[in-house]
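Note that ligands are numbered from 1 as they come in the structure, with each ligand's atoms numbered from 1 the same way.
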Amino acid sequence: MAYNNILSKTEDGITTITINRPSKLNALNKETIQELHEGFKAADADANTKVIIVTGSGEKAFVAGADISEFANFSVENGGKLAAKGQELLFDFIENLQTPVIAAVNGFALGGGLELAMASHFRVASDNAKMGLPEVSLGVIPGYGGTQRLPQLVGKGRAMEMVMTAGMIDAETAKNYGLVNHVTTQEELLPLAKKIASKIMRNSTVAIGKAIKAINANYKDGEDGFKEEIKQFGACFGTEDFKEGTTAFLEKRKADFPGK
Ligand code: COA
């Protein structure tokens with residue numbers, strides 16, 4: 001599929017999706033959100049894709065936020081719809097994917113950019129990365145899940161301060177906060193993300209998908225994470241991956257998982 005605002009490349013089991021609007025610091029306009037939806041959906045459906053990495057093009061930005069020029073004249077109704085549609089197409093969509101998504105944060109991750117990184121399953125960052133939710137400086141609040149996922153990741157007090165000050169934190173602070181798992185140089189960022197991806201790929205993609213569901217259940221209203229874990233644990237016993245994983249262990253050989 002041809003895209004105008006993203007690049008998607010699959011190699012050795014890893015699909016790298018790059019947001020490609022460097023002249024606008026990869027800001028998320030409507031078309032980019034739709035293309036990201038299509039790109040993630042296609043990668044998730046592709047049996048060859050075991051892990052997805054999302055990053056930004058250029059050396060300056062991961063994503064500098066939602067495209068401000070698109071919503072500057074919105075009404076109350078349009079504002080609500082913008083948030084709802086974005087969450088459905090991209091942010092909730094990514095969080096609930098069964099294929100692991102790693103955000104490689106290569107520069108500014110602001111507003112919708114940080115929200116995109118937070119909707120990913122975990123994050124690595126380059127040492128020039130700057131992260132923040134500057135929405136209140138524009139008279140609006142984070143609308144793509146930021147008020148929910150930031151406190152989940154860094155704790156309520158830190159999230160309150162970041163949202164209220166609209167300030168940016170650097171990569172080391174983000175690591176201390178638990179917002180990103182690893183920090184490295186810009187050159188090493190994608191190699192590091194791919195190294196982690198290759199460790200993930202040795203394991204059962206089917207079991208990983210079920211683990212994602214169980215972990216996510218803890219953060220969803222009305223869902224009982226422990227119950228979901230029992231359900232997903234039980235379901236593993238009906239999979240080919242489980243048969244292969246346990247048989248390989250007992251036969252003292254490396255598992256060759258059939259996968260999704
Ligand atoms: N929406 C739309 N356009 C954006 C954008 C956004 N969120 N972020 C950056 N851009 C555009 C700029 O308008 C500029 O376009 P132009 O060259 O056509 O004027 C281009 O990207 C480069 O940005 P610029 O501001 O010139 O770069 P800078 O190095 O001086 O500053 C930032 C970098 C990230 C500090 C600054 O761009 C910024 O504050 N962006 C908005 C961040 C934000 O509030 N995001 C939350 C949105 S809800």
Side-chain angles (χ1 to χ4, degrees), residues 3-7 17-37 54-95 103-120 123 125-154 158-174 177 179-180 183 186 189:
Y3 300 112
N4 294 322
N5 306 283
I6 68 167
L7 307 168
I17 295 179
T18 307
I19 299 142
N20 191 31
R21 296 182 80 208
S23 69
K24 295 290 174 192
L25 303 185
N26 303 322
L28 297 176
N29 60 359
K30 210 172 145 196
E31 190 182 38
T32 306
I33 288 181
Q34 184 62 43
E35 289 186 3
L36 282 167
H37 174 78
V54 58
T55 194
S57 72
E59 299 197 336
K60 207 169 158 182
F62 173 70
V63 169
D67 193 317
I68 299 167
S69 65
E70 269 192 353
F71 63 74
N73 299 317
F74 270 17
S75 64
V76 169
E77 195 192 347
N78 288 341
K81 278 189 187 155
L82 178 76
K85 193 82 190 149
Q87 293 194 18
E88 179 195 326
L89 282 180
L90 188 57
F91 301 86
D92 289 354
F93 187 76
I94 290 182
E95 185 172 69
V105 180
N106 59 309
F108 288 113
L110 303 174
L114 182 56
E115 289 171 306
L116 176 63
M118 292 193 295
S120 303
R123 292 142 291 283
S126 55
D127 48 19
N128 65 315
K130 291 258 190 310
M131 283 159 256
L133 292 178
E135 284 86 347
V136 299
S137 71
L138 299 165
V140 67
I141 69 167
Y144 289 147
T147 64
Q148 305 305 299
R149 293 191 182 100
L150 188 62
Q152 286 168 7
L153 287 163
V154 307
R158 284 167 171 165
M160 284 283 191
E161 184 178 340
M162 282 178 69
V163 169
M164 289 175 189
T165 60
M168 294 184 208
I169 58 170
D170 63 16
E172 273 309 319
T173 308
Y177 279 13
L179 186 53
V180 304
V183 175
Q186 269 213 308
L189 182 64

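- Residue Ala64 holds the heavy atom nearest to atom 45 (N) of ligand 1 of all those in Gly111, Ala64, Ala27.
- Counting protein heavy atoms only, atom 4 (C) of ligand 1 is closest to Lys24 O, 4.0 Å.
- Nearest non-hydrogen protein atom to atom 23 (O) of ligand 1 is Leu25 CD1, 3.6 Å.
- Summarising the contacts of atom 34 (C) of ligand 1 with Leu110, Val63, Asn29, the nearest heavy atom is found in Leu110.
- Between Ala66 and ligand 1, an N or O atom pair is found at a separation short of 3.5 Å.
- Using a 4.0 Å cut-off to heavy atoms of Lys60, the atoms of ligand 1 that qualify are 27 (O), 28 (P), 29 (O).
- Residues meeting the side chain to side chain contact (heavy atoms under 4.5 Å, CB included) test with Lys60, sequence neighbours left out: Leu25, Phe108.
- Side chains of Ile6 and Thr32 form a contact here, defined as non-hydrogen atoms less than 4.5 Å apart.
- In this structure, atom 1 (N) of ligand 1 has a protein heavy-atom contact shorter than 4.0 Å.
- Taking 4.5 Å as the limit, every side-chain heavy atom of Tyr144 sits out of range of all side-chain heavy atoms of Leu90.
- Shown here, atom 25 (O) of ligand 1 is out of close reach of the protein: none of its heavy atoms lies under 4.0 Å off.
- Less than 4.0 angstrom separates atom 18 (O) of ligand 1 from at least one non-hydrogen atom of the protein.
- Met131 approaches Leu110 most closely through the heavy-atom pair C-CD2, 4.1 Å.
- The Asp67 neighbourhood of ligand 1 comprises atoms 1 (N), 2 (C), with distances under 4.0 Å to a heavy atom of that residue.
- When distances from atom 21 (O) of ligand 1 to the protein are checked, a heavy atom turns up under 4.0 Å.
- When distances from atom 30 (O) of ligand 1 to the protein are checked, no heavy atom turns up under 4.0 Å.
- At a threshold of 4.5 Å between non-hydrogen side-chain atoms, the residues Val163 and Ile141 do not count as touching.
- Using a 4.0 Å threshold on non-hydrogen atoms, atom 6 (C) of ligand 1 counts as touching the protein.
- Protein heavy atoms are absent from the space less than 4.0 angstrom from atom 36 (C) of ligand 1.
- The protein heavy-atom contact nearest to atom 46 (C) of ligand 1 is Pro134 CG, 3.8 Å.
- Atom CD of Glu161 has 12 or fewer heavy atoms from other residues, nucleotides or ligands within 6.0 Å.
- Gln87 CD to Leu82 CG: the interatomic distance, rounded to the nearest 0.5 Å, is 10.0 Å.
- Residues passing the ring pair (Phe, Tyr, Trp, His ring centres under 6.0 Å) test with Phe93 are His37, sequence neighbours excluded.
- For Glu135, no nitrogen or oxygen atom sits less than 3.5 Å from a nitrogen or oxygen atom of ligand 1, counting backbone and side chain alike.
- Closest of all the heavy-atom pairs between Ser57 and Arg21 is OG-N, 4.1 Å.
- Side chains of Asn128 and Ser126: a donor on one and an acceptor on the other come within 3.5 Å.
- Residues Val136 and Met164 are not in side-chain contact: their nearest non-hydrogen atoms beyond the backbone lie 4.5 Å or more apart.
- Taking 4.0 Å as the cut-off, Ser23 counts as a neighbour of ligand 1 on heavy-atom distance.
- At a distance under 4.0 Å, a protein heavy atom can be found next to atom 10 (N) of ligand 1.
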